[in-house]
Amino acid sequence: MDNQPSKLVPALIGGGVMAVLSSFPLISLGNCLCCMWVLLGGGLAAYLYSKELPEGEMLSSGDGALVGLIAGLFGALFTSLLSSLFILIGFRFSPEILQDIMENNQDMPPEFRDLMHNWTSEGGLGSFMVIMGLFMNLIMDSIFGTLGGLLGTAIFSKQKK
Amino acid sequence: MQERNSKSFFHNKQYRFVYLFILFLSLLNLGMIFSFPVLVSKSSGYGFLAGLIKLFYTPLCHQIPERSFLLWGHTLPVCSRCTGIYVGFFLGTVIFPFITKKIKSIYPSKTILLLALVPMGLDVGLKWIFHIDTGLIFHFITGSIFSILFSFFAIPGLLELSDLLIKRGEMSYG
(Lines give C-alpha, C1' and ligand atoms only; values in the text may rest on other atoms or scores of the structure.)
Protein backbone atom coordinates (compact mmCIF):
# COMPACT_ATOMS: atom_id res chain seq x y z
CA MET A 1 0.00 0.00 0.00
CA ASP A 2 2.92 2.33 0.84
CA ASN A 3 4.42 1.82 -2.64
CA GLN A 4 1.26 2.94 -4.37
CA PRO A 5 1.25 6.35 -6.09
CA SER A 6 -0.69 9.21 -4.57
CA LYS A 7 -4.39 9.40 -5.43
CA LEU A 8 -4.51 13.13 -4.72
CA VAL A 9 -3.45 14.52 -8.11
CA PRO A 10 -5.69 12.22 -10.26
CA ALA A 11 -8.60 12.95 -7.88
CA LEU A 12 -7.97 16.72 -8.04
CA ILE A 13 -7.90 16.65 -11.86
CA GLY A 14 -11.01 14.41 -12.04
CA GLY A 15 -12.82 16.61 -9.50
CA GLY A 16 -11.80 19.77 -11.35
CA VAL A 17 -13.07 18.47 -14.70
CA MET A 18 -16.26 17.30 -13.00
CA ALA A 19 -16.82 20.73 -11.42
CA VAL A 20 -16.11 22.77 -14.56
CA LEU A 21 -18.46 20.67 -16.71
CA SER A 22 -21.14 20.56 -13.99
CA SER A 23 -21.10 24.31 -13.31
CA PHE A 24 -21.24 25.99 -16.68
CA PRO A 25 -24.72 26.82 -17.93
CA LEU A 26 -25.95 24.57 -20.80
CA ILE A 27 -22.92 22.23 -20.56
CA SER A 28 -24.08 21.28 -17.05
CA LEU A 29 -27.28 19.86 -18.58
CA GLY A 30 -25.17 16.80 -19.48
CA ASN A 31 -25.61 15.80 -15.83
CA CYS A 32 -29.29 15.18 -16.59
CA LEU A 33 -28.06 11.95 -18.23
CA CYS A 34 -27.38 10.12 -14.97
CA CYS A 35 -24.73 12.58 -13.76
CA MET A 36 -22.68 12.07 -16.93
CA TRP A 37 -20.02 14.66 -16.03
CA VAL A 38 -19.66 13.31 -12.50
CA LEU A 39 -19.25 9.76 -13.85
CA LEU A 40 -16.74 11.12 -16.37
CA GLY A 41 -14.75 12.90 -13.64
CA GLY A 42 -14.62 9.74 -11.52
CA GLY A 43 -13.66 7.65 -14.57
CA LEU A 44 -10.97 10.16 -15.54
CA ALA A 45 -9.51 10.06 -12.03
CA ALA A 46 -9.38 6.24 -12.19
CA TYR A 47 -7.75 6.39 -15.65
CA LEU A 48 -5.11 8.91 -14.52
CA TYR A 49 -4.40 6.86 -11.42
CA SER A 50 -4.00 3.67 -13.48
CA LYS A 51 -1.38 5.51 -15.58
CA GLU A 52 0.64 6.24 -12.42
CA LEU A 53 0.80 2.59 -11.40
CA PRO A 54 4.11 0.76 -11.90
CA GLU A 55 4.50 -1.36 -15.02
CA GLY A 56 2.63 -4.64 -14.77
CA GLU A 57 0.48 -3.61 -11.80
CA MET A 58 -3.26 -3.64 -12.36
CA LEU A 59 -5.75 -1.11 -11.04
CA SER A 60 -8.02 -2.84 -8.51
CA SER A 61 -11.70 -1.94 -8.42
CA GLY A 62 -11.33 -0.86 -4.79
CA ASP A 63 -8.59 1.65 -5.72
CA GLY A 64 -10.65 2.83 -8.72
CA ALA A 65 -13.68 3.36 -6.48
CA LEU A 66 -11.59 5.18 -3.87
CA VAL A 67 -9.98 7.59 -6.34
CA GLY A 68 -13.46 8.19 -7.86
CA LEU A 69 -14.88 8.88 -4.39
CA ILE A 70 -12.13 11.40 -3.60
CA ALA A 71 -12.64 13.02 -7.02
CA GLY A 72 -16.38 13.23 -6.23
CA LEU A 73 -15.71 15.00 -2.93
CA PHE A 74 -13.33 17.48 -4.59
CA GLY A 75 -15.83 17.89 -7.43
CA ALA A 76 -18.63 18.74 -4.97
CA LEU A 77 -16.51 21.40 -3.27
CA PHE A 78 -15.30 22.90 -6.56
CA THR A 79 -18.81 22.84 -8.06
CA SER A 80 -20.19 24.70 -5.04
CA LEU A 81 -17.37 27.24 -5.22
CA LEU A 82 -17.93 27.80 -8.94
CA SER A 83 -21.69 28.02 -8.47
CA SER A 84 -21.20 30.61 -5.67
CA LEU A 85 -18.98 32.57 -8.03
CA PHE A 86 -21.71 32.48 -10.68
CA ILE A 87 -24.25 33.70 -8.11
CA LEU A 88 -21.93 36.55 -7.10
CA ILE A 89 -21.64 37.73 -10.67
CA GLY A 90 -25.39 37.17 -11.15
CA PHE A 91 -24.95 34.55 -13.83
CA ARG A 92 -26.85 31.58 -12.47
CA PHE A 93 -29.55 30.59 -9.98
CA SER A 94 -31.42 33.79 -10.57
CA PRO A 95 -34.95 33.79 -9.12
CA GLU A 96 -36.30 33.64 -12.68
CA ILE A 97 -34.48 30.36 -13.38
CA LEU A 98 -35.85 28.76 -10.22
CA GLN A 99 -39.34 30.05 -11.02
CA ASP A 100 -39.01 28.49 -14.48
CA ILE A 101 -38.09 25.14 -12.91
CA MET A 102 -41.10 25.38 -10.59
CA GLU A 103 -43.50 26.32 -13.37
CA ASN A 104 -42.25 23.64 -15.75
CA ASN A 105 -42.66 20.98 -13.09
CA GLN A 106 -46.42 20.56 -13.05
CA ASP A 107 -46.12 17.94 -10.33
CA MET A 108 -44.31 20.28 -7.93
CA PRO A 109 -46.61 20.51 -4.89
CA PRO A 110 -48.14 23.98 -4.28
CA GLU A 111 -46.84 24.25 -0.70
CA PHE A 112 -43.28 23.61 -1.90
CA ARG A 113 -43.78 26.08 -4.74
CA ASP A 114 -44.98 28.70 -2.20
CA LEU A 115 -42.00 28.09 0.07
CA MET A 116 -39.59 28.54 -2.83
CA HIS A 117 -41.48 31.66 -3.88
CA ASN A 118 -41.11 33.10 -0.36
CA TRP A 119 -37.38 32.40 -0.32
CA THR A 120 -37.06 33.99 -3.72
CA SER A 121 -38.91 37.14 -2.71
CA GLU A 122 -37.02 37.45 0.60
CA GLY A 123 -33.71 37.37 -1.25
CA GLY A 124 -32.48 34.32 0.66
CA LEU A 125 -32.20 32.26 -2.49
CA GLY A 126 -28.47 32.65 -3.04
CA SER A 127 -27.33 31.38 0.36
CA PHE A 128 -30.04 28.70 0.38
CA MET A 129 -28.94 27.38 -3.00
CA VAL A 130 -25.25 27.39 -2.01
CA ILE A 131 -25.82 25.43 1.23
CA MET A 132 -28.41 23.10 -0.31
CA GLY A 133 -26.22 22.73 -3.41
CA LEU A 134 -23.12 21.82 -1.38
CA PHE A 135 -25.08 19.25 0.63
CA MET A 136 -26.66 17.71 -2.47
CA ASN A 137 -23.37 17.79 -4.40
CA LEU A 138 -21.51 16.03 -1.59
CA ILE A 139 -24.04 13.18 -1.65
CA MET A 140 -24.50 12.92 -5.41
CA ASP A 141 -20.89 13.50 -6.48
CA SER A 142 -19.47 11.05 -3.95
CA ILE A 143 -21.93 8.32 -5.06
CA PHE A 144 -21.63 8.94 -8.80
CA GLY A 145 -17.89 9.72 -8.59
CA THR A 146 -17.36 6.30 -6.96
CA LEU A 147 -19.48 4.63 -9.65
CA GLY A 148 -17.51 6.57 -12.30
CA GLY A 149 -14.27 5.32 -10.75
CA LEU A 150 -15.60 1.76 -10.93
CA LEU A 151 -16.66 2.23 -14.56
CA GLY A 152 -13.23 3.70 -15.33
CA THR A 153 -11.58 0.71 -13.69
CA ALA A 154 -13.73 -1.72 -15.68
CA ILE A 155 -12.94 0.06 -18.95
CA PHE A 156 -9.32 1.13 -18.50
CA SER A 157 -7.76 -1.57 -16.32
CA LYS A 158 -5.42 -3.80 -18.27
CA GLN A 159 -6.39 -7.46 -18.41
CA LYS A 160 -3.96 -9.94 -16.89
CA LYS A 161 -1.82 -11.65 -19.47
CA MET B 1 -8.60 -6.73 -11.04
CA GLN B 2 -7.88 -9.21 -8.33
CA GLU B 3 -9.05 -12.75 -8.89
CA ARG B 4 -11.05 -13.58 -5.84
CA ASN B 5 -13.21 -16.54 -5.03
CA SER B 6 -16.85 -15.54 -4.75
CA LYS B 7 -17.42 -17.71 -1.67
CA SER B 8 -15.09 -15.55 0.45
CA PHE B 9 -17.35 -12.54 0.04
CA PHE B 10 -20.40 -13.56 2.02
CA HIS B 11 -18.55 -15.37 4.76
CA ASN B 12 -17.16 -12.01 5.80
CA LYS B 13 -19.19 -9.98 8.32
CA GLN B 14 -17.93 -6.63 6.98
CA TYR B 15 -18.87 -7.50 3.41
CA ARG B 16 -22.32 -8.64 4.50
CA PHE B 17 -22.83 -5.30 6.26
CA VAL B 18 -21.64 -3.27 3.26
CA TYR B 19 -23.81 -5.37 0.93
CA LEU B 20 -26.89 -4.78 3.10
CA PHE B 21 -26.10 -1.06 3.21
CA ILE B 22 -25.95 -0.93 -0.62
CA LEU B 23 -29.24 -2.86 -0.77
CA PHE B 24 -30.81 -0.44 1.73
CA LEU B 25 -29.69 2.65 -0.24
CA SER B 26 -30.92 1.11 -3.47
CA LEU B 27 -34.30 0.31 -1.90
CA LEU B 28 -34.52 3.80 -0.38
CA ASN B 29 -33.88 5.26 -3.83
CA LEU B 30 -36.71 3.20 -5.35
CA GLY B 31 -38.93 4.05 -2.39
CA MET B 32 -38.41 7.77 -3.04
CA ILE B 33 -39.19 7.38 -6.74
CA PHE B 34 -42.30 5.23 -6.43
CA SER B 35 -43.73 6.99 -3.37
CA PHE B 36 -43.61 10.35 -5.15
CA PRO B 37 -46.99 9.97 -6.96
CA VAL B 38 -48.65 9.07 -3.64
CA LEU B 39 -46.97 11.88 -1.69
CA VAL B 40 -47.72 14.50 -4.32
CA SER B 41 -51.47 13.85 -4.32
CA LYS B 42 -53.39 16.63 -2.61
CA SER B 43 -54.90 14.36 0.03
CA SER B 44 -51.60 12.98 1.32
CA GLY B 45 -50.46 16.06 3.26
CA TYR B 46 -46.83 15.28 2.39
CA GLY B 47 -46.49 17.75 -0.45
CA PHE B 48 -43.34 19.27 1.02
CA LEU B 49 -41.63 15.88 1.11
CA ALA B 50 -42.72 15.26 -2.48
CA GLY B 51 -41.22 18.63 -3.45
CA LEU B 52 -37.91 17.71 -1.85
CA ILE B 53 -37.88 14.38 -3.73
CA LYS B 54 -38.58 16.14 -7.01
CA LEU B 55 -35.85 18.69 -6.33
CA PHE B 56 -33.42 15.91 -5.30
CA TYR B 57 -33.71 14.29 -8.74
CA THR B 58 -33.63 17.58 -10.69
CA PRO B 59 -29.84 17.57 -11.25
CA LEU B 60 -29.90 13.86 -12.14
CA CYS B 61 -32.63 13.68 -14.74
CA HIS B 62 -34.36 15.93 -17.27
CA GLN B 63 -37.73 14.96 -15.69
CA ILE B 64 -39.64 15.56 -18.94
CA PRO B 65 -43.20 14.39 -18.15
CA GLU B 66 -43.72 12.88 -21.65
CA ARG B 67 -40.68 10.66 -21.10
CA SER B 68 -41.62 9.52 -17.60
CA PHE B 69 -43.99 6.80 -16.43
CA LEU B 70 -47.39 7.83 -15.15
CA LEU B 71 -48.42 6.24 -11.87
CA TRP B 72 -51.66 6.99 -10.01
CA GLY B 73 -52.22 10.07 -12.13
CA HIS B 74 -48.77 11.59 -11.54
CA THR B 75 -45.47 11.21 -13.39
CA LEU B 76 -42.52 9.66 -11.57
CA PRO B 77 -39.77 12.15 -10.57
CA VAL B 78 -37.32 10.53 -13.05
CA CYS B 79 -37.62 9.52 -16.72
CA SER B 80 -38.28 5.95 -17.86
CA ARG B 81 -34.58 5.26 -18.63
CA CYS B 82 -33.47 6.46 -15.18
CA THR B 83 -36.30 4.40 -13.61
CA GLY B 84 -34.94 1.37 -15.51
CA ILE B 85 -31.39 2.09 -14.34
CA TYR B 86 -32.43 2.33 -10.67
CA VAL B 87 -34.74 -0.71 -10.82
CA GLY B 88 -32.02 -2.68 -12.65
CA PHE B 89 -29.39 -1.77 -10.05
CA PHE B 90 -31.73 -2.88 -7.27
CA LEU B 91 -32.49 -6.19 -9.05
CA GLY B 92 -28.78 -6.74 -9.70
CA THR B 93 -28.03 -6.10 -6.02
CA VAL B 94 -30.74 -8.56 -4.94
CA ILE B 95 -29.56 -11.38 -7.24
CA PHE B 96 -25.84 -10.71 -6.73
CA PRO B 97 -25.35 -13.16 -3.80
CA PHE B 98 -27.21 -15.94 -5.64
CA ILE B 99 -25.29 -15.46 -8.89
CA THR B 100 -21.88 -15.20 -7.24
CA LYS B 101 -22.40 -18.54 -5.46
CA LYS B 102 -22.51 -20.23 -8.86
CA ILE B 103 -19.41 -18.69 -10.42
CA LYS B 104 -15.71 -19.04 -9.73
CA SER B 105 -14.59 -15.42 -9.97
CA ILE B 106 -16.69 -12.56 -8.66
CA TYR B 107 -15.69 -10.16 -11.43
CA PRO B 108 -17.47 -10.42 -14.77
CA SER B 109 -15.60 -9.77 -17.99
CA LYS B 110 -15.10 -6.21 -19.19
CA THR B 111 -16.65 -7.27 -22.51
CA ILE B 112 -19.95 -8.05 -20.77
CA LEU B 113 -20.14 -4.52 -19.39
CA LEU B 114 -19.35 -2.98 -22.78
CA LEU B 115 -21.96 -5.24 -24.46
CA ALA B 116 -24.51 -4.15 -21.86
CA LEU B 117 -23.87 -0.56 -22.88
CA VAL B 118 -24.75 -1.30 -26.54
CA PRO B 119 -28.60 -1.46 -26.27
CA MET B 120 -28.74 1.72 -24.17
CA GLY B 121 -26.22 3.45 -26.44
CA LEU B 122 -28.25 2.48 -29.51
CA ASP B 123 -31.44 3.73 -27.87
CA VAL B 124 -29.85 7.09 -27.00
CA GLY B 125 -28.23 7.31 -30.46
CA LEU B 126 -31.51 6.62 -32.28
CA LYS B 127 -33.17 9.44 -30.35
CA TRP B 128 -30.40 12.02 -30.65
CA ILE B 129 -29.18 11.34 -34.18
CA PHE B 130 -32.24 10.01 -36.05
CA HIS B 131 -35.00 11.43 -33.77
CA ILE B 132 -36.53 7.95 -33.47
CA ASP B 133 -38.25 7.45 -30.15
CA THR B 134 -38.35 3.79 -29.19
CA GLY B 135 -40.81 4.33 -26.36
CA LEU B 136 -40.81 4.34 -22.59
CA ILE B 137 -40.76 0.56 -22.16
CA PHE B 138 -37.70 0.21 -24.42
CA HIS B 139 -35.88 3.01 -22.54
CA PHE B 140 -36.72 1.22 -19.29
CA ILE B 141 -35.51 -2.18 -20.53
CA THR B 142 -32.22 -0.94 -22.02
CA GLY B 143 -31.48 1.06 -18.84
CA SER B 144 -32.23 -2.02 -16.71
CA ILE B 145 -30.01 -4.34 -18.77
CA PHE B 146 -27.05 -2.02 -18.36
CA SER B 147 -27.47 -1.43 -14.65
CA ILE B 148 -28.12 -5.08 -13.72
CA LEU B 149 -24.76 -5.95 -15.27
CA PHE B 150 -23.09 -2.83 -13.91
CA SER B 151 -24.15 -3.84 -10.39
CA PHE B 152 -21.97 -6.97 -10.74
CA PHE B 153 -19.00 -4.63 -11.24
CA ALA B 154 -20.08 -2.07 -8.69
CA ILE B 155 -20.79 -4.31 -5.70
CA PRO B 156 -17.41 -6.13 -5.59
CA GLY B 157 -15.72 -2.75 -6.12
CA LEU B 158 -17.64 -1.21 -3.24
CA LEU B 159 -16.81 -4.19 -1.02
CA GLU B 160 -13.14 -3.72 -1.88
CA LEU B 161 -13.49 0.01 -1.24
CA SER B 162 -14.74 -0.79 2.28
CA ASP B 163 -11.56 -2.84 2.79
CA LEU B 164 -9.36 0.05 1.71
CA LEU B 165 -11.21 2.59 3.86
CA ILE B 166 -11.01 0.35 6.93
CA LYS B 167 -7.29 -0.28 6.31
CA ARG B 168 -6.68 3.45 6.01
CA GLY B 169 -8.68 4.09 9.17
CA GLU B 170 -6.64 1.51 11.05
CA MET B 171 -3.38 3.06 9.77
CA SER B 172 -4.52 6.58 10.80
CA TYR B 173 -5.60 5.59 14.30
CA GLY B 174 -2.73 3.18 14.88
Side-chain angles (χ1 to χ4, degrees), chain A residues 1-2 4 7 22 28-29 31-38 46 58-69 79 98 101-102 104-116 132-133 135-137 139-141 143-144 146-160, chain B residues 1-3 25 36-37 39-42 44-52 54-56 58-65 68 74-79 81-82 85-86 89 107-110 112-114 117 124 143 147 150 153-165 167-168 171:
Chain A
M1 202 155 168
D2 292 330
Q4 285 191 328
K7 293 182 176 72
S22 301
S28 65
L29 290 176
N31 271 340
C32 288
L33 198 75
C34 265
C35 279
M36 185 167 74
W37 301 135
V38 183
M58 278 168 54
L59 174 64
S60 74
S61 54
D63 276 326
L66 184 59
V67 76
L69 170 68
T79 307
L98 192 70
I101 293 172
M102 294 290 152
N104 290 335
N105 274 311
Q106 293 154 354
D107 266 340
M108 194 62 88
E111 53 264 55
F112 197 78
R113 211 182 284 255
D114 292 344
L115 189 74
M116 285 291 163
M132 189 79 175
F135 180 69
M136 297 266 283
N137 286 340
I139 296 173
M140 297 289 184
D141 291 6
I143 293 173
F144 283 89
T146 307
L147 294 178
L150 285 166
L151 262 178
T153 308
I155 294 167
F156 300 118
S157 71
K158 294 167 203 135
Q159 300 281 6
K160 255 183 187 169
Chain B
M1 273 183 253
Q2 287 173 336
E3 283 299 322
L25 285 184
F36 177 79
L39 295 173
V40 83
S41 64
K42 279 177 188 151
S44 78
Y46 292 102
F48 183 75
L49 194 59
L52 278 181
K54 186 91 176 176
L55 203 63
F56 183 79
T58 303
L60 290 175
C61 179
H62 52 70
Q63 300 180 319
I64 298 171
S68 309
H74 297 279
T75 52
L76 294 180
V78 289
C79 71
R81 183 175 295 118
C82 287
I85 289 171
Y86 296 135
F89 193 86
Y107 296 108
S109 139
K110 177 175 15 180
I112 293 176
L113 183 72
L114 293 174
L117 266 171
V124 173
S147 66
F150 177 61
F153 274 94
I155 296 167
L158 293 171
L159 296 176
E160 252 188 56
L161 175 65
S162 73
D163 263 348
L164 285 177
L165 292 175
K167 267 182 206 158
R168 277 174 180 247
M171 280 167 74

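Chain letters run A, B, ... following the sequence lines, proteins first, then strands; residues in each count from 1.
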Starting at CG of A:Leu66, measure out to OG of B:Ser162 and round the result to the nearest 0.5 Å.
11.0 Å
Per-residue contact mode, A:Asp63 against chain B (heavy atom under 4.5 angstrom)
both
Side chain to side chain, [X] and [Y], heavy atoms closer than 4.5 Å:
X	Y	result
B:Leu158	A:Leu150	yes
B:Phe153	A:Leu151	no
A:Ile155	B:Leu114	yes

Ignoring hydrogens, what is the shortest heavy-atom contact between [X] and [Y]? Give both atom names and the distance.
X	Y	value
A:Met136	B:Phe56	CE-CA, 3.4 Å
B:Gly157	A:Ser61	CA-OG, 3.5 Å
A:Gly62	B:Glu160	N-OE1, 3.0 Å

Segment of B:Ile85 engaging chain A (4.5 angstrom heavy-atom cut-off)
side chain
Is B:Leu25 in contact with chain A via its backbone, its side chain, both, or neither, using a 4.5 Å heavy-atom distance?
neither
